[in-house]
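To start, the structure itself, in structure tokens.
The shown structure was predicted, so the numbers you read here are calculated from the model rather than taken from an experiment.
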Amino acid sequence: MDLKHSAGGAGENSETFIATSKSTDMITPKEKEGKGVKAASGLSPPAEGYKVYARRWAVLILFVFYSSSNAMQWIQYTIINNIITRYYGISDKWVDWTSMIYMILYIPLIFPGSWFLDKVGLRITALVGIVGTCLGAWIKVFSVDPSLFYVSFIGQSIVALAQVCILSLPARLAAVWFGPDQVSSATSVGVFGNQLGVAVGFVLPPMLVPNSPDLETVGSDLQMMFYMVAGLTSILLVLMVIFFQDKPPTPPSAAQEAAQLLESSGAEQVSFMQSLKNLMTNRNFIFLLLSYGINVGVFYAISTLLNPVVLKYYPGHEVDAGRIGLSIVLAGMLGSVVSGIVLDKTHKFKETTLAVYALSMVGMWIFTFTLDTGHIAVVYLTASLLGFFMTGYLPVGFEFGAELTFPEPEGTSSGLLNASAQTFGICFTLFYSELFTTFGDIAANITMAVMLIVGTIITAITQSDLRRQNAQVPASGAGIP
């Protein structure tokens with residue numbers, strides 16, 4: 001059953017439009033906003049205001065669980081690194097590659113993935129992603145044998161391919177479905193789905209697959225874990241086919257109306273390659289690409305190597321390693337929501353980005369020098385502080401990128417930011433692993449903290465060119481027609 005709708009359907013509008021909301025379900029442009037829209041795009045705001053629809057929350061929540069089902073498999077092997085190496089008889093480097101394959105496959109596919117999203121829209125892109133996530137999860141079900149690690153790696157690679165149809169969607173979904181007073185918060189919730197999945201990936205495998213001396217027991221536990229994930233993704237596949245919709249009947253904001261008119265205008269439509277050129281010649285966006293990639297790359301490196309780092313100081317605490325990872329991500333979820341609310345209330349994109357980035361750097365230094373206190377509760381606390389700002393930065397970077405690059409498609413700018421993060425993630429993970437093996441965790445963590453200092457400086461010199469906000473405020477000297 002396909003519920004993807006057209007722009008018509010008055011009956012559908014009346015069913016879903018919330019007429020009684022105070023401020024966000026009926027967004028009426030102010031007089032000055034109307035002048036700005038007129039001046040910037042030649043549009044006249046509708047007399048009744050811009051409508052948003054109740055179903056937007058269902059679409060967003062469904063996306064959160066869909067994104068989670070993919071992200072939870074990213075860290076599925078590395079958080080029980082010592083158990084996987086013993087069961088399959090492989091080196092820990094191969095286990096690290098189950099995480100890095102997510103990053104490696106994303107990079108060459110970002111451009112076709114962004115083009116695909118622009119061409120076919122949210123619904124088809126999301127359905128392709130959930131099919132890949134489900135297929136990869138089921139392949140892993142048949143990899144439970146010490147000689148079949150390659151089967152498990154194939155399944156993991158397919159799931160990694162599917163993330164191309166996920167990571168670029170939060171900013172696009174928020175812009176298409178939500179009004180200007182909710183778009184930053186909606187992006188934060190969308191990114192929250194990825195963080196939720198990582199959190200589950202940290203905590204669930206150590207609980208489901210304890211470090212048993214009996215390999216048959218380990219195999220049975222792995223089988224149960226793989227079946228659970230495959231079953232969950234199958235349910236989500238059905239729900240996505242039935243309920244996930246492409247866009248609302250009418251645009252929720254002046255900026256989105258202008259973007260949709262531009263897309264539908266054959267005379268003015270910018271090609272995908274021209275859009276890429278516009279982005280790559282945008283000086284401020286290039287700075288954001290570098291700073292965003294550094295921050296998220298450090299997070300990827302720490303997450304991938306968290307198990308051996310924790311076990312160095314607290315042997316036998318595999319479950320705690322997973323829970324510390326959970327603490328990082330849960331704190332990051334809170335940070336994401338808080339950051340989104342701050343952006344929606346203040347629209348201080350540059351200031352918020354710089355503050356969160358600088359505090360991520362401070363959190364990294366604190367985490368580095370508290371690992372060896374002998375009290376694992378301290379590690380929980382400092383890791384949570386690090387996570388609040390480091391993973392809380394993710395939606396802030398997405399939204400700042402959308403502001404700097406409007407009216408280019410949000411999926412393209414988000415995709416490039418993710419590609420930067422994956423590139424830095426691969427480099428930092430390999431570098432961190434080598435430093436950890438050769439010099440220890442202090443040297444590895446200090447190096448990551450220095451990288452965050454560099455990222456903070458780059459963020460500081462990025463100018464606040466808020467183009468999307470300017471589409472909703474008056475141009476100088478514009479009059480009322």
Side-chain angles (χ1 to χ4, degrees), residues 67 71 74 102-118 125 163-175 183-184 186-188 190-195 198 272 275-301 332 336 339-340 343 349-350 352-354 356-357 360 390-428 451-452 454-456 458-459 462-468:
S67 178
W74 166 53
Y102 263 66
M103 310 172 206
I104 289 172
L105 291 179
Y106 184 85
I107 295 170
L109 294 174
I110 172 56
F111 295 128
S114 296
W115 174 86
F116 187 74
L117 173 61
D118 290 342
T125 303
Q163 74 164 333
V164 176
C165 297
I166 300 173
L167 293 184
S168 299
L169 265 60
R172 176 67 173 268
L173 187 151
V183 66
S184 295
T187 301
S188 298
V191 175
F192 172 95
N194 183 272
Q195 296 172 342
V198 174
F272 179 74
S275 179
L276 285 179
K277 180 181 178 181
N278 293 342
L279 292 174
M280 299 311 295
T281 54
N282 184 327
R283 178 173 175 267
N284 292 313
F285 184 65
I286 295 300
F287 284 156
L288 181 63
L289 278 180
L290 294 173
S291 59
Y292 185 89
I294 290 171
N295 187 295
V296 183
V298 170
F299 169 69
Y300 286 163
S336 293
S339 298
L343 288 178
F349 291 86
K350 164 69 181 291
T352 304
T353 302
L354 181 58
V356 173
Y357 209 115
S360 297
M390 182 170 284
T391 56
Y393 171 77
L394 299 178
V396 177
F398 275 155
E399 281 299 283
F400 195 26
E403 290 292 336
L404 293 174
T405 59
F406 184 84
E408 309 301 336
E410 293 87 357
T412 306
S413 62
S414 297
L416 287 173
L417 288 171
N418 282 316
S420 175
Q422 311 293 353
T423 302
F424 278 99
I426 294 167
C427 297
F428 285 174
M451 291 296 101
L452 289 174
V454 174
T456 303
I458 295 174
T459 302
T462 305
Q463 295 181 356
S464 183
D465 181 16
L466 307 182
R467 300 180 181 183
R468 188 171 63 181

Side chain of [X], backbone of [Y]: donor and acceptor closer than 3.5 Å?
X      : Y      : result
Thr462 : Phe287 : no
Thr281 : Asn278 : yes
Gln163 : Tyr102 : yes

Euclidean distance, [Y] [atom2] relative to [X] [atom1], rounded to 0.5 Å:
X      : Y      : atom1 : atom2 : answer
Thr405 : Leu279 : OG1   : CG    : 5.5 Å
Ile458 : Tyr357 : CD1   : OH    : 7.0 Å
Thr125 : Leu173 : OG1   : CG    : 11.0 Å
Ser360 : Phe299 : OG    : CZ    : 11.0 Å

Of all heavy-atom pairs between [X] and [Y], which one has the smallest distance, and what is that distance?
X      : Y      : result
Asn418 : Leu167 : ND2-O, 3.0 Å
Asn284 : Gln463 : OD1-N, 3.0 Å
Ala174 : Ala186 : CB-CB, 3.7 Å
Leu354 : Thr459 : CA-CG2, 3.8 Å
Met103 : Gly425 : SD-C, 3.4 Å
Leu452 : Asn295 : CD2-CA, 3.9 Å

[X] vs [Y] side-chain heavy atoms within contact, under 4.5 Å:
X      : Y      : result
Ser420 : Phe424 : yes
Ile104 : Gln422 : no
Leu416 : Phe285 : yes
Ile166 : Asn194 : no
Glu403 : Lys350 : no

* Asked: Does the separation of the ring centres of Tyr393 and Tyr292 fall below 6.0 angstrom?
  ->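 Close enough - the centres of the two rings lie under 6.0 Å apart.
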* Should Phe428 and Ile294 be marked as a side-chain contact (heavy atoms from CB on, under 4.5 Å) after you check the CA-CA gap, both sets of side-chain angles, and the distance that decides it? -> CA-CA 9 Å; Phe428 285 174; Ile294 290 171; 4.2 Å; yes
